[in-house]
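Numbering of ligands and ligand atoms starts at 1, following listing order.
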Amino acid sequence: MKTAVITGITGQDGAYLAELLLSKGYKVYGTYRRTSSVNFWRIEELGIEKNPNLHLVEYDLTDLSASIRLLQTTEATEVYNLAAQSFVGVSFEQPITTAEITGIGPVNLLEAIRIVNPKIRFYQASTSEMFGKVQAIPQKENTPFYPRSPYGVAKLYAHWMAINYRESYGIFASSGILFNHESPLRGREFVTRKITDSVAKIKLGKLDVLELGNLDAKRDWGFAKEYIEGMWLMLQVDEPDTFVLATNRTETVRDFVTMAFKAAGITVEFKGTDVNEIAVDTATGKTVMKINPKFHRPAEVELLIGDPAHAKAKLGWEPKTTLEELCKMMVEADLRRNEQGFSF
Ligand code: NDP
Ligand code: GDR
């Protein structure tokens with residue numbers, strides 16, 4: 001039986017990855033942080049919280065001794081590091097916490113691997129945010145980086161440290177440069193889920209207006225469940241490497257707003273410009289979206305579109321779900337939850 005550690009099992013990707021590894025017969029140690037209120041809604045929604053092969057371990061990525069003990073006690077052969085302060089917006093307000101968790105945190109695990117068992121295979125959750133102010137279109141593994149947020153800078157440090165441990169110590173450390181991936185399990189602070197949850201509330205008469213920041217930002221959005229499969233594949237091949245996972249399609253936040261309202265049976269029309277831009281329900285004439293400048297970021301990543309050709313060639317990985325299908329899946333899940341009074 002293979003044994004894996006997943007850091008960040010309470011997050012979107014951690015929950016899906018746990019589900020995948022359990023289905024493949026792994027023993028899974030999923031780490032969570034001590035918090036004053038328990039936060040297992042995702043693994044509960046997937047119905048895996050009582051699986052006998054799933055073990056929940058209290059752990060904080062910023063603690064080296066805890067990282068060493070985690071690898072000693074679990075005897076894992078694969079470690080998927082998904083834990084991070086992952087919200088770009090917050091990283092501008094908490095740059096040092098973000099550096100400590102998202103930047104230095106992974107080095108605690110890499111050091112623990114060196115100390116406990118250098119044969120452990122390690123996955124680092126790198127990100128398209130490292131491309132930032134993009135230097136080429138589409139972005140691929142060899143596109144130069146230019147991060148535009150404390151989060152992006154911290155992730156870039158961790159990315160290079162994974163490569164450095166690969167080259168210096170022969171550790172099997174692979175990095176997935178994953179573009180935005182979404183699902184019904186996405187946190188509500190991220191723009192897609194914020195939109196689908198608000199659209200559901202507007203449809204059900206529980207909210208009047210959705211407030212957003214920059215509608216012009218373009219993102220390459222894929223379905224999280226498919227990206228998790230790519231993470232696993234990266235640790236099954238012969239050599240550690242860096243892989244872009246993306247759909248090679250980009251749309252604006254405004255496009256996603258239109259798509260989400262459409263999935264709920266509402267047609268919207270945009271009016272005005274800049275901070276005065278609004279979206280109006282064409283059937284009722286009501287304003288259903290407006291701009292709130294507090295959601296603008298000090299520096300923005302304007303355009304992301306990734307080329308997953310390397311992952312296709314080496315891993316046989318490719319995305320399948322279209323953005324329309326993904327958006328509809330998220331709106332339907334949020335309609336169902338809001339009807340049932342679900343609050344996450
Ligand atoms: P989430 O924000 O949903 O989950 C992050 C996880 O990290 C949570 O379980 C969180 O725990 C945990 N965590 C935060 N701080 C610590 C800490 N100090 N010690 C231990 N655990 C901690 O992120 P996603 O699931 O969306 O993303 C997974 C990873 O992939 C992240 O590293 C993210 O930066 C990266 N990534 C994500 C992309 C995406 O589009 N989703 C794209 C590219 C990269 P808690 O619940 O307690 O907060
Ligand atoms: P991102 O995702 O920053 O790309 O990071 P997010 O969904 O937060 O933002 C996407 C784009 O939407 C714009 N935007 C808003 N964003 C939020 N959150 N809330 C708003 O109201 C809003 N209005 C407009 C943003 O400015 C941005 O341009 C995600 C995270 O999962 C990272 O951890 C991951 O590394 C990257 O994706 C790839």
Side-chain angles (χ1 to χ4, degrees), residues 6-17 30-35 37-43 57-63 66-67 70 80-92 97-98 100-102 104-106 108-109 123-132 147-149 151-152 154-155 158-159 175-183 185-195 198 210-224 227-228 231 244-246 252-254 256-257 289 291-304 306:
I6 301 173
T7 67
I9 197 164
T10 55
Q12 169 189 260
D13 290 7
Y16 279 127
L17 182 61
T31 80
Y32 67 97
R33 288 189 288 180
R34 191 268 152 193
T35 46
S37 45
V38 192
N39 177 24
F40 293 133
W41 70 270
R42 291 183 174 94
I43 55 172
V57 188
E58 213 169 80
Y59 166 74
D60 195 300
L61 185 61
T62 58
D63 193 315
S67 304
L70 178 69
Y80 296 84
N81 179 38
L82 308 185
Q85 190 305 92
S86 73
F87 190 43
V88 173
V90 160
S91 78
F92 288 98
T97 305
T98 303
E100 285 169 352
I101 300 173
T102 306
I104 309 276
N108 287 323
L109 279 174
Y123 173 82
Q124 170 57 17
S126 290
T127 165
S128 51
E129 279 294 300
M130 302 186 312
F131 295 120
R148 294 268 282 171
S149 65
Y151 166 80
K155 277 284 184 186
H159 178 71
S175 271
I177 305 182
L178 270 53
F179 283 61
N180 298 54
H181 44 278
E182 320 294 312
S183 74
L185 299 188
R186 188 60 145 148
R188 277 196 309 197
E189 67 275 37
F190 300 100
V191 79
T192 55
R193 177 85 201 292
K194 178 178 174 181
I195 292 168
S198 300
L210 158 66
E211 295 189 357
L212 293 172
N214 179 11
L215 300 182
D216 293 316
K218 296 182 99 173
R219 288 290 181 280
D220 178 332
W221 282 297
F223 180 29
Y227 286 51
I228 265 49
M231 293 178 185
V244 161
L245 299 188
T252 62
V253 172
R254 189 182 293 100
F256 194 86
V257 171
M289 190 281 319
I291 303 298
N292 185 336
K294 86 170 181 195
F295 296 115
H296 281 114
R297 293 173 181 174
E300 179 62 283
V301 173
E302 301 292 351
L303 164 68
L304 290 173

- Message: Using every non-hydrogen atom in the two residues, find where I291 and G213 come nearest and quote the distance to one decimal.
- Response: CD1-O, 3.5 Å

- Hey, can you tell me if F40 and Y32 have their rings parallel, tilted or perpendicular (30° and 60° cut-offs)? perpendicular

- Item | Atoms in ligand 1 with a heavy atom of T127 nearer than 4.0 Å | 43 (C), 44 (C)

- Quick one: does ligand 2 sit under 4.0 Å from the side chain of R219, the backbone, both or neither, non-hydrogen atoms only? side chain

- Task: Classify the contact between F190 and ligand 2 as side chain, backbone, both or neither, using a heavy-atom distance cut-off of under 4.0 Å.
- Result: both

- Message: D60 versus ligand 1: do any nitrogen or oxygen atoms come within less than 3.5 Å of each other?
- Response: yes

- Query: At a 4.0 Å threshold, what atoms of ligand 1 neighbour a non-hydrogen atom of A125?
  - Reply: 29 (C), 30 (O), 32 (O), 35 (C)

- Task: Heavy atoms only: give me the nearest L185-A15 pair and the separation to one decimal.
- Result: CD1-CB, 4.3 Å

- Query: So is R186 close enough to ligand 2, meaning a heavy atom under 4.0 angstrom away?
  - Reply: yes

- ligand 1 to G14 polar contact by distance, N or O atoms, under 3.5 Å: no

- Message: Under 4.0 Å from a heavy atom of N39: which atoms of ligand 1 are those, numbered in the order shown and with their elements?
- Response: 46 (O)

- Query: Does D220 use its side chain to pair, donor to acceptor, with the backbone of L304 at less than 3.5 Å?
  - Reply: no

- Task: First locate atom CD1 of I101, then atom CG of L61, and finally report the distance between them rounded to the nearest 0.5 Å.
- Result: 7.5 Å

- Task: May I ask whether E100 places a heavy atom under 4.0 Å from ligand 1?
- Result: no

- Task: Identify whether the distance between the nearest side-chain nitrogen and carboxylate oxygen of E182 and K194 falls below 4.0 Å.
- Result: no

- Query: Between the side chains of S175 and Q124, is a donor N or O closer than 3.5 angstrom to an acceptor N or O?
  - Reply: no

- Heavy-atom proximity to atom 8 (O) of ligand 2 ranks first, among Q85, E189, E300, R297, for R297

- Item | Within-cut-off N or O pair, A217 and ligand 2, under 3.5 Å | no

- In the protein, what heavy atom is nearest to atom 33 (O) of ligand 2, and what distance, to one decimal place, separates them? S86 O, 2.6 Å

- Query: Between N180 and ligand 1, is there a nitrogen or oxygen pair with a distance under 3.5 Å?
  - Reply: no

- So do R33 and N39 actually touch side chain to side chain, heavy atoms under 4.5 Å? no

- Task: For K155 and S86, indicate whether the former's side chain and the latter's backbone hold a donor-acceptor pair under 3.5 Å.
- Result: no

- Item | Distance (rounded to the nearest 0.5 Å) between R254 CZ and I195 CD1 | 11.0 Å

- Item | atom 4 (O) of ligand 1 - nearest protein heavy atom and its distance | G11 CA, 3.4 Å

- Message: Please check whether A84 reaches ligand 1 - meaning an N/O of the residue sits under 3.5 Å from an N/O of the ligand, judged on distance alone.
- Response: yes

- Message: Keeping R42 on the side-chain end and T10 on the backbone end, is there a donor-acceptor pair under 3.5 Å?
- Response: yes

- Note on the structure: atom 41 (N) of ligand 1 has as its nearest protein heavy atom R186 NH1, 3.1 Å

- Query: Ignoring hydrogens and geometry, is there a side-chain-to-backbone donor-acceptor pair from T31 to G8 under 3.5 Å?
  - Reply: yes

- Query: With backbone taken as N, CA, C and O and side chain as the heavy atoms from C-beta onward, which portion of V88 lies under 4.0 Å from ligand 2: side chain, backbone, both, or neither?
  - Reply: side chain

- Query: Is it the side chain, the backbone, both or neither of K194 that has a heavy atom closer than 4.0 Å to ligand 2?
  - Reply: side chain

- Please state which part of L212 comes within less than 4.0 Å of ligand 2, counting heavy atoms only: side chain, backbone, both or neither. both

- Item | Nearest neighbour in protein (non-hydrogen) for atom 25 (O) of ligand 1 | D13 N, 2.8 Å

- Query: Quick one: does T10 get an N or O within less than 3.5 Å of an N or O on ligand 1?
  - Reply: yes

- Query: Is a donor on one side and an acceptor on the other found under 3.5 Å between the side chain of T102 and the backbone of Q85?
  - Reply: yes

- Task: Would you mind finding which of N180, T102, L210 brings a heavy atom closest to atom 37 (O) of ligand 2?
- Result: N180

- Message: Give me the atom names and distance for the closest heavy-atom approach of Y151 to T98.
- Response: CA-CG2, 3.8 Å

- For D63 and Y59 the tightest heavy-atom approach is O-CE1, 4.5 Å

- What residue and heavy atom of the protein are closest to atom 19 (N) of ligand 1, and at what distance? L61 N, 2.9 Å

- Heavy atom of the protein closest to atom 21 (N) of ligand 1 (residue, atom name, distance): A83 CB, 3.3 Å

- Message: Among all the protein's non-hydrogen atoms, which is closest to atom 43 (C) of ligand 1, and how far away is it?
- Response: L178 O, 3.1 Å

- Query: Which pair of non-hydrogen atoms, one from L82 and one from I6, has the smallest distance, and what is that distance?
  - Reply: CD1-CG2, 3.9 Å

- Does at least one non-hydrogen atom of S128 fall below 4.0 angstrom from an atom of ligand 2? yes

- Message: Is it the case that ligand 1 has an N or O less than 3.5 angstrom from some N or O of L82?
- Response: yes

- For atom 3 (O) of ligand 1, which protein heavy atom lies nearest, and how many Å away is it? Q12 N, 3.1 Å

- Heteroatom proximity flag, H181 to ligand 1, N/O under 3.5 Å: yes

- What's the shortest distance from atom 10 (C) of ligand 2 to any protein heavy atom, and which residue and atom give it? V191 CG1, 3.7 Å

- Anything under 30° is parallel, anything over 60° is perpendicular, the rest tilted; go ahead and classify Y16 against F223. perpendicular

- Task: Check for a donor-acceptor pair, side chain of R188 on one end and backbone N or O of R193 on the other, with a separation under 3.5 Å.
- Result: no

- Query: Taking distance alone, with no angle check, do S86 and ligand 1 share an N/O pair under 3.5 Å?
  - Reply: yes

- Message: Tell me the closest heavy-atom pair linking V191 and W221, and the distance in Å.
- Response: CG1-CZ2, 4.0 Å

- Would you check the N or O atoms of R42, main chain and side chain alike, for any that come under 3.5 Å of an N or O of ligand 1? no

- Task: Please write down residue, atom name and distance for the protein heavy atom closest to atom 34 (C) of ligand 2.
- Result: Y151 OH, 3.5 Å

- Query: Do ligand 1 and S126 have nitrogen or oxygen atoms that lie under 3.5 Å from each other?
  - Reply: no

- Would you call R297 and E302 a salt bridge, taking side-chain N to carboxylate O under 4.0 Å as the test? no

- Message: Looking only at protein heavy atoms, which one is nearest to atom 33 (C) of ligand 1, and what is the separation?
- Response: Y151 OH, 3.6 Å

- Message: Does ligand 2 come near enough to F295 that some N or O of the ligand is less than 3.5 Å from an N or O of the residue?
- Response: no

